[in-house]
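FYI, side chains are in, hydrogens and waters are out, and symmetry mates aren't considered; it's all heavy atoms of this structure. Per chain, numbering begins at 1; letters A, B, ... match sequence-line order. As the structure is a prediction and not an experimental result, all values here were calculated from the model.
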There are 2 protein chains.
Amino acid sequence: MTGARPETTIGIFDSGVGGLTVVRALREVLPWADVVYLGDTARVPYGSKSARTVERYSLACLRFLLGYRVSLVLIACNTASATALDSVVAASPVPVIGAVGPGAQAAVQASASGHIAVIGTLATIQSRAYEAALHSLRPHTAVTSHACPLLVPLAEEGWTDGAVAEEVCRRYLEPVFESDPAIDTLVLGCTHYPLLRATIGDVARAVSGRDIAVVDSASSMAAAALAHELAPGSGSLRCFVTDATRLAELAPRFLGVPLSQFELVDL
Amino acid sequence: MTGARPETTIGIFDSGVGGLTVVRALREVLPWADVVYLGDTARVPYGSKSARTVERYSLACLRFLLGYRVSLVLIACNTASATALDSVVAASPVPVIGAVGPGAQAAVQASASGHIAVIGTLATIQSRAYEAALHSLRPHTAVTSHACPLLVPLAEEGWTDGAVAEEVCRRYLEPVFESDPAIDTLVLGCTHYPLLRATIGDVARAVSGRDIAVVDSASSMAAAALAHELAPGSGSLRCFVTDATRLAELAPRFLGVPLSQFELVDL
């Protein structure tokens with residue numbers, strides 16, 4: 001960043017392009033914010049990696065963003081938020097917003113029964129970060145968690161409806177709603193899952209027999225960013241990735257508009 | 001390696017644990033060979049990454065194995081073989097065997113019609129390496145290729161039969177056999193796919209209306225290794241990985257027996 005007011009810049013990182021859903025949500029509430037986005041597409045997905053590896057990668061992403069003098073960091077990746085938030089906060093001289101806290105807050109607001117289901121990558125679920133966040137917000141919340149490794153490739157393949165998507169979602173969601181029939185809210189604990197929101201909602205209704213509130217982190221993270229005082233910028237988006245494969249195909253699905261340009265970097 | 005005859009050691013690398021199917025095949029024909037295996041599990045999968053990134057990672061794997069004084073290198077990863085074989089061969093002082101050549105050879109031997117289908121990761125298919133290998137072996141082979149990104153997570157999830165596996169395989173294989181009804185041989189161009197061999201074979205039969213020969217690289221690579229003169233070793237297996245997540249669960253599926261121990265390394 002060589003602009004006049006670098007202190008207006010928000011840094012966002014994710015393991016890949018899924019975090020562009022957060023950029024999209026941020027644009028809606030803070031259209032004038034300057035955003036530097038880093039997608040670690042060469043090492044995506046983080047969800048199947050160990051906590052130690054995810055922490056190492058997350059700190060590399062933070063260092064990269066700090067080089068662009070960001071004044072606020074958003075960890076769009078649920079896996080990184082779930083396993084590395086404390087390390088990133090400890091290493092960062094600027095405030096950090098993770099995905100898990102805002103997602104949990106949205107779920108607590110949506111749930112009448114206090115029975116909440118969370119789906120995410122293996123690493124996010126194993127971290128139990130959503131349980132911890134939900135319990136700190138509402139101590140007696142009943143939380144059912146389930147890892148859904150096939151949903152990320154399904155979203156990237158663009159198979160977001162039809163027989164395969166329905167069958168995969170059914171296989172993941174049936175045991176969730178069987179284990180706790182009082183669940184009324186489902187948290188999409190991964191930035192890729194909003195692309196499957198309609199199918200997930202339909203299948204959740206079919207297997208539970210009623211409407212289920214489906215919430216995700218993106219809009220809650222944008223709302224949390226609003227709470228930080230930021231001088232207005234020019235609404236620019238600078239996008240860095242560590243690997244460019246499939247970017248032209250995938251990025252618009254998450255950002256909502258075509259990605260005009262990106263820069264390739266090594267971390 | 002600090003043993004007496006390091007020249008007996010075969011080095012094998014893969015993006016993850018799928019390459020253990022090659023170790024398994026090698027054990028059957030060369031039970032006395034000492035094997036050093038490297039699974040780059042922190043950066044798996046290679047299949048969705050660019051050629052440049054896969055090449056960089058493959059050379060790092062080669063350097064690591066050479067540090068253990070291997071006398072032969074097997075690239076168990078189809079993606080790495082398809083995109084980085086030339087670079088690895090150029091950088092290696094010892095012979096290198098890739099996955100694509102042996103797989104193509106097995107297919108040419110199995111096919112009566114000369115119409116062959118290849119399925120693999122996005123990177124393997126985009127490289128067109130199987131086309132090139134098949135055409136160099138039998139110039140007029142009709143090759144139909146199709147990328148199947150969901151098959152790796154499906155194999156790792158252990159969903160190797162049942163409704164989801166069948167539906168996913170059907171969605172991938174139907175257009176393949178529709179585009180060329182004379183196909184009689186299907187190449188599994190990814191080390192993960194042999195776990196889905198039964199379902200893939202069943203679906204291929206169902207959509208084509210006849211038996212289809214299903215071939216993969218593992219046993220052909222082992223046969224190619226036999227052609228190299230190697231002094232007998234003690235049949236040891238030393239296994240290195242760059243990330244240990246899910247290893248206890250996944251490794252036995254590919255190796256056929258539990259993995260007694262592994263060592264964690266940074267590349």
Side-chain angles (χ1 to χ4, degrees), chain A residues 15-17 40-57 79 83 121-123 125-127 146-159 162-172 174 192 241-250 264-267, chain B residues 15-17 40-57 79 83 121-123 125-127 146-159 162-172 174 192 241-250 264-267:
Chain A
S15 57
V17 292
D40 191 9
T41 45
R43 305 194 284 202
V44 74
Y46 284 5
S48 53
K49 296 176 177 49
S50 69
R52 182 177 152 274
T53 298
V54 172
E55 190 178 314
R56 195 153 54 89
Y57 291 175
T79 300
T83 57
T121 64
L122 199 71
I125 297 306
Q126 283 179 344
S127 75
H146 201 70
C148 306
L150 276 165
L151 297 191
V152 165
L154 206 56
E156 295 198 341
E157 193 73 337
W159 295 3
V164 172
E166 283 165 23
E167 201 57 58
V168 170
C169 290
R170 180 178 303 275
R171 182 135 178 195
Y172 282 133
E174 244 167 18
H192 275 69
V241 292
T242 52
D243 192 291
T245 294
R246 293 183 85 190
L247 205 68
E249 173 197 353
L250 293 179
L264 200 58
V265 291
D266 266 346
L267 284 192
Chain B
S15 58
V17 292
D40 191 10
T41 45
R43 306 193 283 200
V44 75
Y46 285 4
S48 53
K49 296 174 176 52
S50 70
R52 182 178 152 273
T53 297
V54 171
E55 190 177 314
R56 194 155 53 90
Y57 291 174
T79 300
T83 57
T121 64
L122 198 71
I125 297 306
Q126 283 179 344
S127 75
H146 201 70
C148 306
L150 275 165
L151 297 190
V152 166
L154 206 57
E156 294 197 341
E157 193 73 336
W159 295 3
V164 171
E166 283 166 24
E167 200 58 58
V168 170
C169 290
R170 180 177 303 275
R171 182 137 177 193
Y172 283 133
E174 244 167 17
H192 275 68
V241 292
T242 52
D243 191 291
T245 295
R246 293 183 85 190
L247 205 69
E249 172 198 354
L250 293 180
L264 199 58
V265 290
D266 266 346
L267 284 192

Item to check | Which residues share a side-chain contact (heavy atoms from CB on, under 4.5 Å) with B:Arg171, sequence neighbours left out | outcome: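 With neighbours one apart ignored, the set is A:Trp159, A:Val164.
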
Next on the checklist: What part of A:Arg43 gets within 4.5 angstrom of chain B, counting heavy atoms only: side chain, backbone, both, or neither?
Outcome noted: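 Both parts, backbone and side chain.
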
Next on the checklist: Which atoms of A:Leu151 are under 4.5 Å from chain B, going by heavy atoms: the side chain, the backbone, both sets, or neither?
Outcome noted: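 Neither part; nothing is under 4.5 Å.
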
Next on the checklist: To the nearest 0.5 Å, what is the distance between CG on A:Leu154 and CG on B:Leu154?
Outcome noted: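 With rounding to 0.5 Å, CG (A:Leu154) is 10.5 Å from CG (B:Leu154).
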
Checklist entry - Any idea which of B:Asp266, B:Thr242, B:Val54 has the most non-hydrogen atom pairs under 4.5 angstrom with chain A? => result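 Among the listed options, the one with the most contacts to chain A is B:Asp266.
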
Checklist entry - Between B:Leu122, B:Thr41, B:Val152, which shows the greatest number of heavy-atom pairs under 4.5 Å with chain A? => result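 Of the candidates given, the most pairs with chain A belong to B:Leu122.
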
Checklist entry - For chain B, which of A:Arg246, A:Glu157, A:Arg52 has the most heavy-atom pairs under 4.5 Å? => result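 Ranked by contacts with chain B, first place is A:Glu157.
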
Item to check | Top contributor to chain B interface from A:Tyr172, A:Tyr57, A:Tyr46 [non-hydrogen pairs under 4.5 Å] | outcome: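 The candidate making the most pairs under 4.5 Å is A:Tyr172.
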
Checklist entry - Just one of A:Leu247, A:Leu264, A:Asp243 clears the side-chain contact (heavy atoms from CB on, under 4.5 Å) bar with B:Ser50, so which one? => result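 That would be A:Asp243.
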
Next on the checklist: Heavy-atom count check: over 12 atoms from other residues, nucleotides or ligands less than 6.0 Å from B:Arg170 CZ?
Outcome noted: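 Incorrect, the count does not exceed 12.
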
Checklist entry - Of the non-hydrogen atoms in B:Leu150 and A:Leu150, which two are nearest, and what is the gap between them? => result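 Result for this residue pair: CD2-CD2, 3.7 Å.
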
Item to check | Distance-minimising heavy-atom pair for B:Val44 and A:Lys49 | outcome: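 It is O-NZ, 3.4 Å.
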
